[in-house]
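A short write-up of the structure that comes next.
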Amino acid sequence: MTTKEMLLEHWFLTRLCFGAAPGGMMLHIFESVKLQVSIFFEFIWIINYALGIVERGGEWSHFFLCMVIFMAAVFVSTMSFSYYKQSVLPRLKLTLHQEFRMYIYARTKNLDLACYDDTEFYQRFILAAEESDTCIDRYLETIEMYCACITSLVLSMGFCLLVNPVILLVSVGGLVASLSLAGKENKLHIASRMERLAYEQKREYQNRVFYLSDYAKDLRLYPGMQEKCRRDFYQSQKEIRRIHRAYGKKLFAYGSVREIAGSAYLQEGIAWSLLLYQVLVAHTLSYAAMLTSMKASTYVLDSANSMITGWKKAMENAAYVKRIRELTGMEPSVVSEKKLPPVTKPAAFAVQNVTFSYPNGSPVLRDISLELGARQKIALVGYNGSGKTTLVKLLLRLYDPDSGRICCDGVDIRDYDVESYRHSIGSVFQDFKIYAASLKENVLLDVGKETKEESYDVEKALYEAHFTLQDNRLIYQIETPLTTEFEKDGVSLSGGEQQKVAIARTLYRRQNLIIMDEPSSALDPLAEYELNQELNEIAKDKTVIFISHRLSTTRDADCIYMMEQGRIIEAGTHEQLLAAGGKYAQMWEVQAGLYLETQGA
């Protein structure tokens, strides 16, 4: 990373932070400068003034009055700085952390689902999630450090110029030598960190596996997986050590030379030799000037070295910010130029010669065509990997087809406003998630209006999904928190109960197109049969797509499409497909015994 790129990334952070909390940032700078001014007066100016009085034979009263005023100023300054560090700075960090996270969220929430299939994107996303707060903290530390160092340099160098300009030659010489090596050393540090990043993320994943409750049961039932995770963890550690060794020799060489060139002992030895020559041999310097100019020279060296160290941290921080901004600078490809509003009535859909493949993969769908009339119920069936769920994702415009098109009431769905179009479709995927929130919030998946009508509609949707609110565990009814991770009164739902909550989400919204991807996979056959009857009644005036392995869900559909290896190989009603004696009939025969008893019930 070049200096220009580093400055640009920090200029971005500057605009972000000052935009979010201008008063807090100004106070942050002011306190950093004020502290160095206080230190300069305390350890250089006062000492020079006191020794000057001694050498000139001045009056004690003058010095005493000066010290009283100075100590009062130090007391006020210390109290205000303590208040800033303990009270203002934590709140400032909280504000800036939130602002940066919201910036990242706002620019990534609409990125294509296809991005998550890209390893490089996912690494950037993980980096953004893990490093956003740290980037802000490092930026604040950099601002504080540079404001302090520049203030100290200006005051100390100004003092040296007035008292003993020659001493500056020692400081400047060491500074030039250190700067010439610091840049190369810093580039190696950044290159090493970036090369380690993928392995560190893998190591962190293996670490999470051992403490997340999601994996606790499996790791105890299948100890072999524990061993595999442990081996993967050690392998990541091995790769990280390899990278450290690869860069270690060069870093050692650059660092050693830089430390010698910028050594405080070397430079202070030269400085003391020069000062003693001026006092004892040349008689051009007083003892007061010797001590205070040496102190000022030390401050110049310390400030310069701190700026070099800070430069390295600033370059590293800029490298992280650059990768985060590369992520937030990405633009979605699933967009709509015409932004037409979606239809508000039950609509007809047509899938026309659609082919699709995931990034760097072979086609998952091959020349798919099907019709879905308004208020029709169709079913997509087939074994795992046949492309059913992928086709639904295309209908939802989570992806766009590689070729062909999908129309809604004769209009290409790419012409509709993306967000509004997606919101017009109700969907339940087999990999739905339950959130650490109340039961009501898990149905809404939105910010609630907190009205009686809203609560009634949520309860109605849960009832239609056959979710039992009379369960004694639900002590707060729809306000009961789900999951026990954060709430002692929380409830962990069974797989079937979770699935009913997911179905209730769709029923609550009353959309005109409903997509059910394995909606009853976690239910027993009898509960599945009852739910299907209820869904058919609720959705009688809606367009519905069912996806299922379990054919009792699909037998009443107006049309059933049998999929295999990304193609539609059969289509027709349940009776027609049974009569044809093809793959659908074979699947039905395998499952038939499971449902005969249910039908009798």
Side-chain angles (χ1 to χ4, degrees), residues 102-118 121 125 327-356 358-359 365 368-376 378 380 389-429 431-433 435 441 443-449 454 457 461 502 505-517 539 541-545 547:
M102 290 301 101
Y103 168 84
I104 294 171
Y105 171 73
R107 284 158 179 78
T108 56
K109 64 184 178 71
N110 292 323
L111 289 180
D112 301 337
L113 198 62
C115 291
Y116 291 84
D117 302 322
D118 180 5
F121 167 85
F125 212 153
L327 169 72
T328 58
M330 296 175 66
E331 295 291 338
S333 61
V334 180
V335 295
S336 300
E337 294 183 4
K338 295 184 180 180
K339 294 189 176 181
L340 300 175
V343 293
T344 57
K345 65 181 189 304
F349 284 79
V351 179
Q352 301 171 350
N353 307 110
V354 164
T355 296
F356 174 77
Y358 290 105
L365 299 176
I368 292 286
S369 294
L370 61 84
E371 299 285 339
L372 173 59
R375 297 183 177 84
Q376 269 195 330
I378 75 163
L380 302 176
T389 299
T390 298
L391 178 56
V392 166
K393 290 177 179 177
L394 296 182
L395 283 166
L396 287 164
R397 275 213 82 193
L398 296 175
Y399 295 89
D400 278 337
D402 300 335
S403 62
R405 66 175 188 159
I406 301 173
C407 295
C408 174
D409 274 356
V411 178
D412 193 319
I413 63 172
R414 286 174 286 201
D415 292 337
Y416 291 114
D417 177 71
V418 176
E419 187 173 347
S420 299
Y421 173 77
R422 289 172 180 166
H423 192 69
S424 69
I425 302 174
S427 59
V428 179
F429 283 100
D431 56 352
F432 62 87
K433 299 298 181 185
Y435 294 87
E441 290 168 331
V443 174
L444 291 175
L445 289 187
D446 199 353
V447 178
K449 300 176 183 177
E454 181 183 69
D457 289 340
R505 292 169 181 168
T506 294
L507 299 181
Y508 171 80
R509 285 167 179 75
R510 313 291 171 185
Q511 286 105 331
N512 290 312
L513 172 62
I514 297 177
I515 298 174
M516 296 287 187
D517 185 358
D541 294 325
K542 301 179 185 299
T543 306
V544 182
I545 299 175
I547 302 175

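- Side-chain atoms of Ile545 and Leu391, non-hydrogen and from C-beta on, never get closer than 4.5 Å to each other.
- Under the side chain to side chain donor-acceptor pair (under 3.5 Å) criterion, Asp112 pairs with Ser333, not counting sequence neighbours.
- Distance CD1/Ile514 to OG1/Thr543: 9.0 Å, rounded to 0.5 Å.
- For Tyr358, the ring pair (Phe, Tyr, Trp, His ring centres under 6.0 Å) criterion is met by Phe356, Tyr399, not counting sequence neighbours.
- Residues satisfying the side chain to side chain contact (heavy atoms under 4.5 Å, CB included) test with Met330, not counting sequence neighbours, are Leu111, Cys115, Phe121, Leu327.
- With sequence neighbours excluded, the residues that form a salt bridge (Lys or Arg N to Asp or Glu O under 4.0 Å) with Glu454 are Lys440.
- A search for side chain to side chain donor-acceptor pair (under 3.5 Å) contacts involving Glu441 returns Ser438, not counting sequence neighbours.
- The side-chain heavy atoms of Leu395 and Val351, taken from C-beta on, include a pair separated by under 4.5 Å.
- Contact detail for Pro342 and Tyr416: the closest heavy-atom pair is CA-CD2, 3.7 Å.
- Once rounded to the nearest 0.5 Å, the distance linking CG of Asp457 with OH of Tyr508 reads 5.5 Å.
- At least one donor-acceptor pair under 3.5 Å links the side chain of Ser369 to the backbone N or O of Asn353.
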Under 3.5 Å, which donor-acceptor pairs link side chains of residues 402-412 to any protein atom two or more places apart or in another chain?
| from | atom 1 | to | atom 2 | distance (Å) |
| --- | --- | --- | --- | --- |
| Asp402 | OD2 | Ser357 | N | 2.8 |
| Asp402 | OD2 | Ser357 | OG | 3.0 |
| Arg405 | NE | Gln352 | OE1 | 2.9 |
| Asp409 | OD1 | Ala348 | N | 3.0 |
| Asp409 | OD2 | Lys345 | NZ | 3.2 |
| Asp412 | OD1 | Arg414 | N | 2.9 |
| Asp412 | OD1 | Arg414 | NE | 3.3 |
| Asp412 | OD2 | Arg414 | NE | 3.4 |
| Asp412 | OD2 | Arg414 | NH2 | 3.1 |

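- Between Arg505 and Leu445, the closest heavy-atom pair is CD-CD1, 3.6 Å.
- For Gln376, the side chain to side chain contact (heavy atoms under 4.5 Å, CB included) partners at least two apart in sequence or on another chain are Leu372, Ile378, Asp558.
- No side-chain heavy atom of Asp517 sits less than 4.5 Å from a side-chain heavy atom of Val392.
- Among all heavy-atom pairs drawn from His423 and Gln511, the shortest one is O-NE2, 3.0 Å.
- Residue Asn110 holds its CG atom at 8.0 Å from OH of Tyr105, rounded to the nearest 0.5 Å.
- Residues passing the salt bridge (Lys or Arg N to Asp or Glu O under 4.0 Å) test with Lys338 are Asp415, sequence neighbours excluded.
- Rounding to the nearest 0.5 angstrom, the gap separating the NZ atom in Lys109 from the CE atom in Met102 is 11.0 Å.
- By the side chain to side chain donor-acceptor pair (under 3.5 Å) test, Ser336 is found to be paired with Arg397, residues two or more places apart in sequence or in another chain being considered.
- Scanning for side chain to side chain donor-acceptor pair (under 3.5 Å) contacts around Thr355 gives an empty result, with sequence neighbours left out.
- Note that CG of Leu113 is 10.0 Å distant from CG of Leu396, once rounded to the nearest 0.5 Å.
- Note that CD1 of Ile413 and CG of Asp400 are 7.0 Å apart. Values are rounded to the nearest 0.5 Å.
- Using modelled atom types, one side-chain atom of Thr506 and one backbone atom of Ser427 make a donor-acceptor pair closer than 3.5 Å.
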